[in-house]
2 protein chains.
Amino acid sequence: MIIELDLQSELPIYTQLVNQIIEGIASGQLQLGEPLPSVRSLASDVGVNLHTVNKAYTLLKQEGYIQVHRQRGVVVHPDGMPPVTESFSDKQHGELRPIIAEAICRGMDKAQILGIVEGLYNEITQKREGN
Amino acid sequence: MIIELDLQSELPIYTQLVNQIIEGIASGQLQLGEPLPSVRSLASDVGVNLHTVNKAYTLLKQEGYIQVHRQRGVVVHPDGMPPVTESFSDKQHGELRPIIAEAICRGMDKAQILGIVEGLYNEITQKREGN
DNA sequence: CCATCTGTTATATTACATGTATAACAGTTA
DNA sequence: TAACTGTTATACATGTAATATAACAGATGG
């Protein structure tokens with residue numbers, strides 16, 4: 001999977017790594033149980049420090065997206081993804097709320113906002129044929 | 001309008017202030033042209049430093065949500081809200097994309113995600129009768 | 001056995017963001 | 001004149017982000 005970093009972004013590098021790996025899983029580009037590069041090789045590939053990749057992997061592991069298998073290394077969690085917990089829903093609502101409020105302020109109506117979300121949903125899931 | 005801060009949140013205080021004021025406008029609790037508290041009084045009310053409020057106001061002003069009128073003080077922009085620009089759309093997509101990808105990972109389908117967004121939309125806009 | 005890879009941990013350093021504190025300035029208002 | 005407004009400047013403390021270097025235990029392949 002191709003990982004592209006924007007070093008000018010306000011988003012921390014480890015957050016960009018987390019986001020892209022999660023999107024890779026969501027899009028099907030990364031299958032359950034599929035191995036991920038080692039912290040050192042990924043760090044070398046994208047040109048950052050080993051600790052930056054390690055922080056991203058640690059977060060993904062804590063949330064249950066990946067597993068560190070003593071033999072197989074780091075893999076996308078083979079037993080499936082974490083469920084929709086209450087704390088996840090709370091976090092999701094807290095992130096969505098200001099985005100929706102801002103859209104309303106700028107004059108977007110319900111249909112327009114839902115259209116944007118649906119478009120992004122399709123964009124992510126329709127990568128599954130591409131690779 | 002009631003402003004509540006979570007000092008334990010990972011969100012910066014000035015971001016919480018920005019978000020709540022924008023949601024106040026979106027919900028109609030804050031009308032166009034309506035005055036906002038001075039930096040010093042709001043800082044005193046919520047128990048933070050004057051500069052923290054000033055940073056929130058500066059951001060809101062830069063984005064066109066509020067106006068600093070020499071006589072009237074700080075007011076919600078009387079001439080209307082900023083439009084949906086290309087840079088706003090880019091920012092909005094960049095914020096929504098990882099949220100949607102995470103929801104897909106956890107097994108939410110398109111209808112569920114749209115339902116969450118619609119619920120939050122209704123929750124924000126239906127405050128208009130409440131006050 | 002040995003060299004090499006794995007994730008993990010520790011320490012140190014640099015840079016930046018956040019938040020507070022204090023002070024001052026110019027303009028407005030009562 | 002006194003009190004308020006937004007604004008700016010400076011300084012300080014704290015935490016986060018990212019890098020650099022190093023070491024450790026466990027696993028792997030020659």
Side-chain angles (χ1 to χ4, degrees), chain A residues 3-21 30 33-78 91 94-95 98, chain B residues 3-21 30 33-78 91 94-95 98:
Chain A
I3 288 189
E4 291 183 7
L5 296 181
D6 177 8
L7 300 181
Q8 313 302 323
S9 169
E10 78 287 352
L11 281 179
I13 297 175
Y14 71 85
T15 301
Q16 297 183 44
L17 291 174
V18 167
N19 287 344
Q20 294 198 29
I21 290 172
L30 294 175
E34 184 172 338
L36 293 175
S38 74
V39 288
R40 286 174 177 85
S41 67
L42 180 51
S44 172
D45 284 351
V46 298
V48 300
N49 190 272
L50 146 164
H51 289 98
T52 306
V53 176
N54 188 251
K55 180 160 187 178
Y57 278 7
T58 299
L59 289 173
L60 288 166
K61 188 177 60 176
Q62 283 174 350
E63 291 174 349
Y65 288 104
I66 66 176
Q67 200 182 49
V68 178
H69 200 278
R70 191 44 92 172
Q71 282 85 2
R72 281 171 262 168
V74 178
V75 297
V76 180
H77 208 301
K91 181 174 75 84
E95 291 169 348
Chain B
I3 288 189
E4 291 183 8
L5 296 181
D6 177 8
L7 300 182
Q8 313 302 324
S9 169
E10 77 288 351
L11 281 179
I13 297 175
Y14 70 85
T15 301
Q16 297 184 43
L17 291 173
V18 166
N19 287 346
Q20 294 198 30
I21 290 172
L30 293 175
E34 185 172 335
L36 293 175
S38 75
V39 289
R40 285 174 178 85
S41 67
L42 179 51
S44 173
D45 284 351
V46 297
V48 300
N49 190 273
L50 147 165
H51 290 99
T52 305
V53 176
N54 188 253
K55 180 161 187 176
Y57 278 8
T58 299
L59 289 172
L60 288 166
K61 186 177 63 175
Q62 282 175 351
E63 292 174 348
Y65 289 104
I66 65 177
Q67 200 182 48
V68 179
H69 203 276
R70 193 41 96 170
Q71 282 85 4
R72 280 170 261 167
V74 178
V75 296
V76 180
H77 208 302
K91 180 174 76 83
E95 291 168 348

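Because the structure is a prediction, the values reported are computed rather than measured. Lettering of chains follows the sequences in order, A, B, ..., and the numbering in each one begins at 1.
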Peer 1: Could you give the CZ-to-P distance, from B/Arg72 to D/dG6, as a whole number of Å?
Peer 2: 14 Å

Peer 1: Taking all non-hydrogen atoms of both residues into account, name the closest pair between B/Lys61 and B/Ile66 and its distance.
Peer 2: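 The pair with the smallest heavy-atom distance is N-CG1, 3.6 Å.
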
Peer 1: How many Å lie between CD on A/Glu10 and P on C/dT18, as a whole number?
Peer 2: 11 Å

Peer 1: Look at the side-chain N and O atoms of B/Ser38 and state whether any lies under 4.0 Å from the OP1 or OP2 oxygen of D/dT5.
Peer 2: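 For D/dT5, OP1/OP2 do have a side-chain N/O of B/Ser38 under 4.0 Å.
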
Peer 1: Any N or O donor-acceptor pair linking the side chain of B/Arg40 to the base of D/dT7 at under 3.5 Å?
Peer 2: yes

Peer 1: Could I get the full list of side chain to side chain contact (heavy atoms under 4.5 Å, CB included) partners for B/Pro35, not counting sequence neighbours?
Peer 2: B/Val75

Peer 1: Check whether any side-chain nitrogen or oxygen of B/Thr52 sits under 4.0 Å from OP1 or OP2 of C/dT18, and answer yes or no.
Peer 2: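 Negative; the distance criterion is not met.
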
Peer 1: With rounding to the nearest 0.5 Å, note down the distance linking CG in A/Leu17 to OH in A/Tyr57.
Peer 2: 8.0 Å

Peer 1: Output the rounded distance in Å from CG (A/Leu11) to P (D/dT16).
Peer 2: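 Roughly 17 Å, once rounded to whole Å.
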
Peer 1: Rounded to the nearest 0.5 Å, what's the gap from CD on B/Gln20 to CG on B/Leu5? Could you check?
Peer 2: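 Atom-to-atom, B/Gln20:CD and B/Leu5:CG are 6.5 Å apart.
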
Peer 1: Using whole Å, report how far CG of B/Asn49 lies from P of D/dT14.
Peer 2: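 Taking atom P of D/dT14 as the reference, CG of B/Asn49 is at 16 Å.
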
Peer 1: Roughly, in whole Å, what's the span from CG in A/Leu7 to C1' in D/dA17?
Peer 2: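 The distance from CG of A/Leu7 to C1' of D/dA17 comes to 13 Å, rounded to the nearest Å.
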
Peer 1: Would the base of D/dA27 count as contacting A/His69 through its side chain, where contact means a donor and an acceptor less than 3.5 Å apart?
Peer 2: no

Peer 1: Nearest whole Å is fine: how far is C/dG19 P from B/Asp6 CG?
Peer 2: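 Result: 12 Å.
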
Peer 1: Take the protein atom CG of B/Leu5 and the nucleotide atom P of C/dT18, then report the distance between them rounded to whole Å.
Peer 2: 15 Å

Peer 1: To the nearest Å, give me how far apart CD (A/Gln8) and C1' (C/dC16) are.
Peer 2: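 After rounding, the gap between these two atoms is 15 Å.
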
Peer 1: Looking at D/dT7, D/dA17, C/dG7, which one has an atom nearest to any side-chain atom of B/Asn54?
Peer 2: D/dT7

Peer 1: Does a side-chain N or O from A/Lys61 land closer than 4.0 Å to OP1 or OP2 of C/dG7, or not?
Peer 2: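 So the side-chain polar atoms of A/Lys61 never come under 4.0 Å of the phosphate oxygens OP1 or OP2 of C/dG7.
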
Peer 1: Side chain of B/Ile13: nearest nucleotide among C/dG7, D/dA17, C/dG19?
Peer 2: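 For B/Ile13, the side-chain atoms sit closest to C/dG19.
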
Peer 1: Between D/dA17, C/dT20, D/dT19, which nucleotide has the shortest distance from any of its atoms to the side chain of A/Val48?
Peer 2: D/dT19

Peer 1: What heavy-atom pair brings A/Gln16 and A/Ser9 nearest, and what distance separates the two atoms?
Peer 2: NE2-CB, 3.6 Å

Peer 1: So if I take every side-chain heavy atom of B/His51 and compare against D/dA18, C/dT9, C/dT20, which nucleotide ends up nearest?
Peer 2: C/dT20

Peer 1: With nearest nucleotides of DNA chain D determined for A/Leu50 and A/Gly47 from heavy-atom distances, which residue corresponds to the more 5′ nucleotide?
Peer 2: A/Gly47

Peer 1: Are any of A/Lys55's side-chain N or O atoms less than 4.0 Å away from OP1 or OP2 of D/dA17?
Peer 2: yes

Peer 1: Would you classify A/Tyr14 as touching base, sugar-phosphate or nothing, given that sugar-phosphate means primed atoms plus P, OP1 and OP2, and contacts are heavy atoms under 4.0 Å?
Peer 2: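 If one applies the 4.0 Å heavy-atom cut-off, A/Tyr14 turns out to touch the sugar-phosphate alone, with no base involved.
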
